[in-house]
Every structure is written in structure tokens, then in C-alpha cells.
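What follows is a set of notes on a single structure, which appears directly below.
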Protein chains: 2
Amino acid sequence: MTPAFPDGLMAAFDAYEQALNDDDLATMDQLFAPGPRTLRGDRGGLLVGHDQISAFRRVRGGAPARDLAEVRVHVIDDNAAVVTAVTAPRRGGHGLQSQLWRRVNGSWVIVAAHVSPAPTTFDATVWRIVGAPLVAGAPHGPLAGETVAVKDLFEVAGYQVGAGVPAYLAEQPAATRHADAVARLLDAGATVRGIAHTDQFAYSLAGDNPHYGTPPNAAVPAAVPGGSTSGPATAVALGDASIGLGTDTAGSIRVPASYQGLWGLRSTHGAVPTAGLVALAPDFDTVGLLTRDPHTLVRATAALVDDAGVAVPDDVVGLDDVGFDLAAMLDPFRTHQGFQAWQLHGDWIRAHPDALRGSAAARFEAASRITPAEDDAARRALAAARELIDARLGTAVLSLPSASSPAPRLWATQTEVDATRQATLQLTCVAAISGRPVVCAPANSTPDGPIGRSYIGPRGSDLALVRWAAQRDAGNRRA
Amino acid sequence: MTPAFPDGLMAAFDAYEQALNDDDLATMDQLFAPGPRTLRGDRGGLLVGHDQISAFRRVRGGAPARDLAEVRVHVIDDNAAVVTAVTAPRRGGHGLQSQLWRRVNGSWVIVAAHVSPAPTTFDATVWRIVGAPLVAGAPHGPLAGETVAVKDLFEVAGYQVGAGVPAYLAEQPAATRHADAVARLLDAGATVRGIAHTDQFAYSLAGDNPHYGTPPNAAVPAAVPGGSTSGPATAVALGDASIGLGTDTAGSIRVPASYQGLWGLRSTHGAVPTAGLVALAPDFDTVGLLTRDPHTLVRATAALVDDAGVAVPDDVVGLDDVGFDLAAMLDPFRTHQGFQAWQLHGDWIRAHPDALRGSAAARFEAASRITPAEDDAARRALAAARELIDARLGTAVLSLPSASSPAPRLWATQTEVDATRQATLQLTCVAAISGRPVVCAPANSTPDGPIGRSYIGPRGSDLALVRWAAQRDAGNRRA
């Protein structure tokens, strides 16, 4: 016998369902309990508190259209019940939703909700093409069993390069060979799992590609994944690839590593050939790696990087020790980066005025206005900055945060995102200017998500630096 | 202020978590409330009642290893609480779990649980390779905007054919052209979304490929998807493709359509060229389609099938009207199917004795023992059966269930699965023997899942039959 439902419960349930269908934010806000303990979770993670839940709904843009296939009510008492509903999204499949309803001051409100949308078999925000495998690697080798998510800037034989821009993709022929970096990993026995998305021409640190959608952040619910190596980062963080192959010009490995709690390597400038790679700013462009654990990073680095055999002394300094004027360094970096990016892509962008969208479009537009004289001044300032960095660091390792904050939530304003970008670039430009390698380790878990730690080593120390950071991490875990 | 937790609640929670880690079925059974109202749901659907939940756990083979990242308790009263936990699976990402605990006769038990594993970006049980798109179609055409999941029996230029058998895949060169059926859909403007899994050499109706795993059933929790067009069926049912391109020798379109509530077409034998297709039993092999709605099926059929323009009179008969001895028809069908299958694949299978697994291996083994004399007798019986079918049906449409039951659950015994297969083949062999086309429509929703309805029409009536079934369905919905 089903017990009778408490008065008003099903009316409140129906009202919530209607509000969801109508994207009626006010009613949904009203039907969720106020206060910091209200929960709303899905496969992306758990939102805590009415404010977060409300902010999430404002940026979601409505839930997918659906019907209810089955509703089951577990009555606890006259003022509490759990309502479980099987949902039938119009696009196919079934979802599941559980809500704990309580009557507070006479009104029914949800105090905890758990939502499972219908499963999907392919996340096109993460991958452009993916397979098991997409390209098989050598039958034996130190990376046998590893799977690589290749950022969509590298040539994979038989496939086009898309660079995060559909109009660019549409004009590319299929590559006839692998990019050198891809070939090195394949030769070492890794397989290519797939081609994963990048921000448009890799000119962003957020990962919110407006053409393909924003890949989920595996560590922080409703947050950007970090970019521009966004697709590989999410694929690795979720366990759907074990190695992300990406690039880092201004932080495009380090920021997603930081935002999603991954290990990362920005290699010494020039230590990995860039043949078969769509460039952004060649004076700063480097090839990099993302992994979930340091041991895989060591093995992948050994396969990828022309190691100069430079050692890493156990001499670690912090930003306070070196006294860099980061703001002063950032300015010429951004100028020269933008100048080179426009030199490379400006003609194409002018010929395709609608191809780029959002913040990357704005950045290229700004870059288009940089004069040769401004770039000359920037180059001179960068040379001086590089000398200063080398003089102050010598062979020491500089330890600093990988990003200025945890990953911004999807509801952050453009002003907030821009401020985050600016603050993070001050941290990431030191290695970009000096061409030094950086290893990122997962470090601080803040209540708002992880922030990684970056270790900048001497040029040519890549493999030693990764090994050193792995040992340091093991030591920290024992301590 | 967090209220104090009721006595014993967290001990019970911890005990359950430990039992989950240990795959300790007895303890998990004990910590779930007995009776028919206990719930356990995930993205695969909702299991109802202690028995189903217990059966599910017995076949799951343990939950993926995980840690708890965050636990939040909402206390309702001294005897009821909801415990929400963020889980950290070892493979990456975060999951979410909500449990409604109640104290019954002094013991804490779970009465409703909702589990979200960490999201995955790629389901390798469904797809071998998938992209957005994998192969672009013609820029315009009646199927523009449609996405096709191609069963891994058809050649897609640039890719190998795997036929559900990894050892076979490993020896295949990349195809140099598209199979005719693939080319027709591409020419009509559809894009190829990906290559989706099949049962081994398509010789099964269940969809439980032991090499690649069992794709989920989008309609029935913890049930087989139906085969052998298993991957395309799940991809279409979940909305990740709009058209499934498959084959039907003995029911390989009709059974997954039935099990997952889809529309399907088995085309007239010979009405779609089989160039570029791995055959199973050429006297019965046909190309077929799966869709979520009848309108897409009409348009896809128009693009795919050489339509002979045969009309469909509104003359529908049932199995009772025709009085076929289905059991007597099935026997020669299975004999000749097996004989042809072994003729085609026997040499390869003998040369690769470990390549096949499970029930398909057993079926080929049985097929290897069919003698030419037995096959001759079967052919004669089939010719007679075909004459009988044609005489009794004429131009009428035969309406019958698409399968003998809803999709078997994953915990069904091999004996149960074999009995289901046998009973379903009695229904599906009528069209196979007569070469007549069949349209499957979603029909009865039983408490254990959907069973489709098959309409067998005159040879050459494919397009008319699909249109007729779509109109009939629309009429039924209005009625």
C-alpha cells in the first residue's frame, strides 16, 4: 500500500517541474530551501547553498526538454519526503532525479536534489574525434597501454587540424603525416585516443570554446576547464585518456592542470620540435603534457622531449626571493605574443571575419592594432626581462602558484574572467619569457577548487625537473 | 550549526561504503531495506525492489574503486537522514551518491539510493570511433543534419572494418571506399557520426560483445541492448546519432529496436547493395535502419533503398490468421544460416581459434558441424516455407511482435537467454525466409520494458511500408 502523500507535496513537485520546463528562475529559487546547506548535484559535482544553485541556473539557459516517465514518492513523515523521478529527455534515453522535500513554515521546499541526465556516449565539447584507438601506437615501448588525447593543433595523419575554429577546419586537407610530437608518443607505444578541443587558435586560458561548447571541469562543478588545452585536460582528468598532448604559449598547459588538479609539463622552449603544429607565437610556443600522476608524466616526458640532461639542484626559491616586477614583465609579453599571433593568423582572420567568436576574437582584434614599433619596444623589454630572470634564478627552481585562483565558475562575469586571466598571466609569463621548463603539480585544495604549484627549472632540465617534482610530491605525501 | 547525527547512522554509512569496496554482497543486501519499494537508480535507470537491486549487484562484479571526497548529512529526524557523498573514483573525475537512510526496527537501512558515477566523455562499449563528424556528408540533401551510427560491418573509407572481433580488425587494411549503403546516406547529406559496435560477426541477438563490453540499454535498466546492431541502437536511443545503419540477417535490426523502443527497417532482401559489407549468411543478409521517430525512418529509407514501388494495401493479418508452424520454419533457417556463416568465416575462425568468445563462438562451433546434406535438406524446407509464406500472405501485411519478450536483464541465466533467442527467432525468421521487408514500431510498454511490433510487407514495398507504419502510428496516437 502506498501511503497517502502529505498535503501539498505533489502540487509543489508539479510546480517545480513546470518551472524547470519554463526556465522560471524565480519559482525555482523559491522552491529550493534558502540558506547555505541546500544541495544540488549532478555528474558534474555538488553545488552547495542556495546562492550557488541559483547562480548555476541563471547561466545554464534552461534544462533540456523532458517528460516524466515514472514518479515514486517515499514519504518519511507529514513534513518530509523523497521524490524519485525517471525523466525522459526528448533527445533520447532516460534520466533520474531525486529530491528531498521538506515542509518549512508551511511550504514545501527542496533541501537536496540529485540529477542524472540521460547518459551520453560521446562528449563533443571534449573531443572532435575519438576512438579505441584512433591511431594505434608501436606494439611495444615504454608508453604501451597509455592513451593520448591530442590537442587539435597537432597533425594526426589522415585527419585535418581544426585549431578550435570550424571555419579553419573546413579548409584544411587531411594531414599526410603525424606531427613530430605525436609520432614520438606513438613510437614509444602510446595510442592516440582522439583529437580533443582547444580554444580558438589556442589564444585563451579559459577553455570556453564558443563553437564547440565548454568541456566540463572534472574537479570543480560548473567551472571552466582551463585552456587552451581544454579538451585534453578534461579527457585526462576524467580518466578517458592517460596523457594529454598540448601546447603552452602563455600557460595553456599550466592553467588547465591547475584548474583540474593535474600534473603538467611545459617543456623547455625548443626542446620538442613543432613540426606539424599550428603555431600561435613561435617565440613562446612550447609542447606540453598533462597526466593524472607524476609517474606517467616522467615516462611521457622521456619519450617526448629532447632532453639536454641539465640537472636540477635542490635549490628552490619563491617569488618573494626573486622580487620580479611581474606586472612590468607581463606587458611586453602580451604585446609580442599578440604581434606574433597576428602575423601568423591575421591574414586568415581578415579573410574570414566571422570565423572567431568571443574573447579570442577580441584578443586578435586588439593584436591587429599592435604596431611594429610597439613590438620592437616589447622585444627589447623581453630581452632585458629574460636576462634578469636568468640572473636571479640561475640554476635554482622557482616555485609559484600555477594560476592566480581556482577555476572561475561558469557564472563569473567577463570582468572577473579578464581579471583572473591578467593575474594568472603574471605568474605564467616568467617561464614563457625565459623559455624555461615548468612542471605543475596538484597542490592546494581550496574550498573553491584546486590551485596547482609550478616549478620552473633551468632550460634543458625537463626530465630531471619532472623526476625531481615527482620525488618532492612523494616526500610531501609521506610528511 | 550542523545538527548531531543520529546514533549509528554514520557507522551504517561507513559499513556500506566498506561493503561496496569489498563487493561484499551479503552486507550490501542487509543494508538495503527489504521489500518491493526500495530504490536504486543511476544514469542507466531505476531498479525497484530489493530483489532487482540484489540481482544487479551480483552481476556487476564490484563497483569501481573510489574514495569519498565529501560527505554531507541532512538529518530529518532521529530515524531518517539523507547522506550525500561526492565520490572520487580512482580512474578520475568525481561522482555523486545520495542515500535515504531510515532506522527500521533499530537498524539503519537504505530505502532509496541514487548513484552518479563520474562522467565519461566516450563510451567504448558503443563506439569504436566517433567524431563530430567522423565523415561529413554532402553539403545539401534530404538527410542534411542527420547523424549516422554505422555498424562496424560496413566499410567507411579510411577506416578498417572490425566486425566485432578485435583479432579480425587487427588484420584489416583501411577501406579505400565507402560501402554502398554508407555512400548513399552521405550522398543524401547525412554525416557519419561514428563506427559503432556489433556482436561478433553479427551472429547474436543480445548485444553483449565480450571483447568490447555490453552497450547500455537506453530503455531498460541493466538489460542487454539487443543485437547484433547493438552499438548503433544504443547510440540512436540515447540521442547521440539520429540514424543507425545496420544489418538484419535473423533479427539484428528488429531485436534492438524492440528492446530499446526504436523504429527500425529490415529492407527487402536485395533492395540495398551489400558491397563493402561483411556478410554473415548472404541468403538472408539485409541492410537496415534504426531511428527514434518514423519521419526520420521514412527519409532515411528513401535515401537508402532501391524502392521497387510496391504498394501496401491496408490489409493486416496476424499470426493467428496465417497459422504458420513457426517452430518448423525456424529449424531449417538456423541450419542454412549456420552453414552459410561457416562457409564465409570458418577458415578464418579455424586459423584464429581464440578470436571468438562466448555464445557467438559456440554458435560458430555448432555451425561447423552442419553437413552439406543437412544444408541441402534445409534449403528444400526453406523453399517450401517461402512458398507457403507467399501463398498465405500475398500482398497483406503480417503484424507480429518484434521479439518474444522485453530485453533480458544482465542477470538472466544463459538458459534464459537461449530460450529468449529461440522464441524470438521463431518470430523473426518469417521475414528472413521470405526476404520480405519489415518495419518495427515501438509498441507495448510492459513493466519490464518495451516490446516492438513488426509489420512484414510485400517484397519491394519498403518505402510504402515505412510510410504506412508511420501513418498507422500517428493514427494510433490520435485514437
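In what follows, chains carry the letters A, B, and so on, assigned in the order in which the sequence lines appear, proteins first and then strands, with residues in each chain numbered from 1. Values reported hereafter were calculated over all heavy atoms of this structure, with side chains retained and with hydrogens, waters and symmetry mates removed.
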Where does [X] contact chain B at under 4.5 Å (heavy atoms): side chain, backbone, both or neither?
X	result
A:Pro133	backbone
A:Glu70	side chain
A:Tyr159	side chain
A:Val48	side chain
A:Asn217	neither
A:Pro117	backbone
A:Ser98	both
A:Val130	both
A:Ala237	backbone
A:Leu238	both
A:Ile76	both

Residue among [options] with most heavy-atom pairs under 4.5 Å to chain B:
options	result
A:Val115, A:Leu46, A:Ile195, A:Val126	A:Leu46
A:Gln97, A:Arg102, A:Arg128, A:Gln260	A:Arg102
A:Thr87, A:Val236, A:Asp123	A:Asp123

Backbone N/O of A:Ala118 and side chain of B:Arg43: donor-acceptor pair under 3.5 Å:
no
_side chain to side chain donor-acceptor pair (under 3.5 Å) evaluation trace for B:His114 with A:Ser116_ = CA-CA 9 Å; B:His114 183 164; A:Ser116 291; 2.8 Å; yes
Among [options], which has the most heavy-atom pairs under 4.5 Å with chain A?
options	value
B:Leu100, B:Thr84, B:Thr234	B:Leu100
B:Val86, B:Thr125, B:Val111	B:Val111
B:Ile129, B:Leu39, B:Val82, B:Leu96	B:Leu96

Turns out that what part of B:Asp77 lies under 4.5 Å from chain A's heavy atoms comes down to side chain
(Q) With no hydrogens and no angle check, just 3.5 Å: does a side-chain donor-acceptor pair link B:Thr121 and A:Asp240? (A) yes
Taking a cut-off of under 4.5 angstrom between non-hydrogen atoms, the residues of residues 168-178 of chain B near chain A are none
Output for pair (B:Thr120 OG1, A:Phe122 CZ), nearest 0.5 Å, gives 12.0 Å
Rounded to the nearest 0.5 Å, the CZ atom of A:Arg91 sits from the CZ atom of B:Arg292 at a distance of 7.5 Å
